[in-house]
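Below is one structure, written out as structure tokens; the observations come after it.
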Amino acid sequence: MSEALSDAKAKSPKYALNRAMLGELIELLSKEGHQLIGPQREDGTIVLNPITSLEDLPVGLEDEQDSGRYRLKSIAPDDARADSLFQTTVGPQSWRRYLFPPRQTLWKARRNGAGWEIDADAEATPKYAFIGVRSCDLTAIAVQARVYDNGDYTDPGFTARLGAAFIIAVNCTRAADTCFCASMDAGPAAREGYDIALTELAAPGGEVWFVAEVGSRRGADLLEAVGAGPAGAELVAAGEAAVAATARAMTRSIPADAAALLQRNPEHPHWADIAARCLGCANCTMVCPTCFCSTMEDVTSLDGQEAARLRHWDSCFSLDYSYIHGGPVRRDVKSRCRQWMTHKLSSWHEQFGTSGCTGCGRCITWCPVGIDITEEIAAFAKYQTTEIREEA
Amino acid sequence: MPPITKPKLAVWKFSSCDGCQLALLDCEDELLAVADAVEIAYFLEATRAEISGPYDISIVEGSITTEDEAHRIQRIRASSKILIAIGACATAGGIQGLKNNREVRELVDKVYAHPEFISSLATSTPVADHVQVDFELRGCPIDKYQLLEALNALLNGRRPNVPTHSQCMACKMAGHVCVTVAHGTACLGPVTQAGCGAICPEFSRGCYGCFGPADAPNTRSLSARFEALGLKGEDISRLFRMFCSAAPAFDGEARNHE
Ligand code: SF4
Ligand code: SF4
Ligand code: SF4
Ligand code: SF4
């Protein structure tokens, strides 16, 4: 995102804008050379695609999510939200698809006599504008930013792409059944890491209004440019109430002591129970917005005159990923399940100072057999209570 | 592995449909480069010329279904430095592996007008059941890019980039929408090795498993999911009895529902 409005933010005014103004705003971004990326209906779900206008967004749609199940539904025409743009929550893809693409060429090389000529700038930095980033995903972007730039080591690609991106966040006025960001302190209201944050409200007649908060000078400039005025107290209060209600409506959660709970239970028999259901398919890690594992591939031209180093996503669920001299470390699926959950919820804290889970719920929905990270944690917690009781 | 310069390449056919060999001919853009890089010593699909062995690289298509084939594969192995088995037939017994659990004589009588001319083994088995195989390329048919990659890696003395992870990983990386979760369609992707780029899910079909079992395939759990989607015994066993019916993981799961 652009330069933050750190100190001014708390005092900065909130703007009100209607759909036409938002349409103009993204048009301005597009004219400034940003490629617009937003949620779009595709194949019965919502994916993050290049878009050209607000019409491409999932207008009048909402999602129904449960473990291993996703369905899109039209909002009834007599519902005030029928013309809303942001009533679907998160789909299978996250913004990491754009910030850390599934396949990247890191450099190319060409044989030059006895040596090699290296072309390190194999891919130019795209300038994105992300439309509709949810709070859980803003948190995930921040989590990944810590991974890809820890002060000592920096991934130049990720950092450059994030630096060039303009981010329009959306505070959730509706959660899916799989959302649990509130318990991870990661949503549903955006706190930082955006240029503009919108709260979508549908007036009784169906007209859609947005309360906009600004996170950067450029965000404010753009809002002014499209004629957004100050938001009235009533509109602001309605927005805040809707987001607060979203937080209260969440049924899933992860307890605050999950990290310690997993640390205490590396050999617990419940791991075998999870492994009996787990397919080892890696869907949970492919959809997770914080997962960062990748692997390198060296490719050559048939005649050996050209070479390239590619990087693509990998996962702790693939056997090859833990392959070191002598064989893979995590041979059985049980140890891969344990690696996944323990890393997300426990060792991530030691490694990066945050949780590796934002509560977006994607791994729950997109697991083909519906393994639910919140239920598995609850199962460990339950055993734990039973054991303590038995001891007492 | 040191690179091989201008290796002698042979392509052999056993019980199969020729589709995998065609994948090599289908490498239109790259075919000339391949022809430049290797000496094609035996490849009846492409050329009548036959150069006798030994061969640096033998590519073997097809499964072993006759007495004669069982002997021939031994001779090919003995005259090849590197043997690559390609396709579902050569790596898992193929569709013809369906006969493995049946009374073969009965099948022959039903299928052929003159069953007396048919001499066939009771089973269709992968090449690796008979001789040592150096590398396998899965699929029905194989993916031509994987074949090029395997040859390319051999020529350049590097490790081939042929993943062994699940189809789901490839499906998600490609950005396809999961047909199981979003449509309730049965898909073998979670227990199948990647390789084709998840073509079937791209077109809203479940994966048919033609690249065979991935590592540690939990077919039992996936079947339980199929049951929850409304599939019954025979429907489930039929899913596992397609292109890689004789692969132990798929065969075992099919039996659970027969
Ligand atoms: S672990 Fe699951 S819920 Fe947590 S951030 Fe990853 S996908 Fe979302
Ligand atoms: S997890 Fe929270 S922030 Fe993310 S989509 Fe759901 S409600 Fe919104
Ligand atoms: S938890 Fe679910 S999505 Fe993850 S590897 Fe296991 S079966 Fe696949
Ligand atoms: S469609 Fe099939 S291959 Fe793709 S993620 Fe779903 S289960 Fe896996």
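Numbers restart at 1 for each chain; the letters A, B, ... are given by sequence-line order, proteins then strands. Just so it is clear, the structure is predicted and the values come from calculations on it, not from any experiment.
Interface summary for chain B: among A/D298, A/D303, A/V287, the most heavy-atom pairs under 4.5 angstrom belong to A/D298. By number of non-hydrogen pairs under 4.5 angstrom with chain B, the leading residue of A/S318, A/C278, A/G370 is A/C278. Contacts with chain B were tallied for A/R69, A/Q65, A/R71; A/R71 has the most, counting heavy-atom pairs under 4.5 Å. Of all the listed residues (A/G280, A/G44, A/A282, A/A276), the one sharing the greatest number of non-hydrogen pairs under 4.5 Å with chain B is A/A276.
Heavy atoms closer than 4.5 Å to chain A are found in both the backbone and the side chain of B/A33. Of the atoms belonging to B/R220, not a single heavy atom falls under 4.5 Å from chain A. Interface residue B/A174: only backbone heavy atoms are found under 4.5 Å from chain A. Both the backbone and the side chain of A/E297 have a heavy atom closer than 4.5 Å to some heavy atom of chain B. Contacts between B/V34 and chain A at a heavy-atom distance below 4.5 Å involve backbone atoms as well as side-chain atoms. Interface remark: A/A307 contributes no atoms to any contact with chain B (heavy atom separation under 4.5 Å). For a residue to count as touching a neighbouring chain, one of its non-hydrogen atoms must lie under 4.5 Å from one of that chain's; by this rule A/T365 touches chain B with backbone and side chain alike.
Between A/D43 and B/S204, some side-chain heavy-atom pair lies under the 4.5 Å cut-off. Side chains of B/H165 and A/S315 form no contact here, defined as non-hydrogen atoms less than 4.5 Å apart. Side-chain contact between A/D314 and B/M169 is present, with heavy atoms from C-beta onward closer than 4.5 Å.
Remark: B/Y145 OH is loosely packed, at most 12 non-hydrogen atoms of other residues, nucleotides or ligands lying under 6.0 Å away.
Contact annotation for residues 181-197 of chain B against chain A (heavy-atom separation below 4.5 Å, listed by residue number): B/V181, B/A182, B/H183, B/G184, B/P190. Using non-hydrogen atoms only and a strict 4.5 Å limit, the part of residues 321-339 of chain A facing chain B consists of A/V333, A/R336.
Taking CG from B/N161 and CE from A/M296, the interatomic distance works out to 12.5 Å, rounded to the nearest 0.5 Å. In this structure, OG1 in B/T180 is found 16.0 Å from OH in A/Y70, a value given to the nearest 0.5 Å. Here CG of A/L302 is found 5.0 Å from CG of B/N152. Values are rounded to the nearest 0.5 Å.
Considering all non-hydrogen atoms of both residues, B/K172 and A/R97 come closest at O-NH1, 3.3 Å. Between A/S301 and B/N156, the shortest heavy-atom contact is O-ND2, 3.2 Å.
Between the side chain of B/R225 and the backbone N or O of A/P368 there is at least one donor-acceptor pair closer than 3.5 Å.
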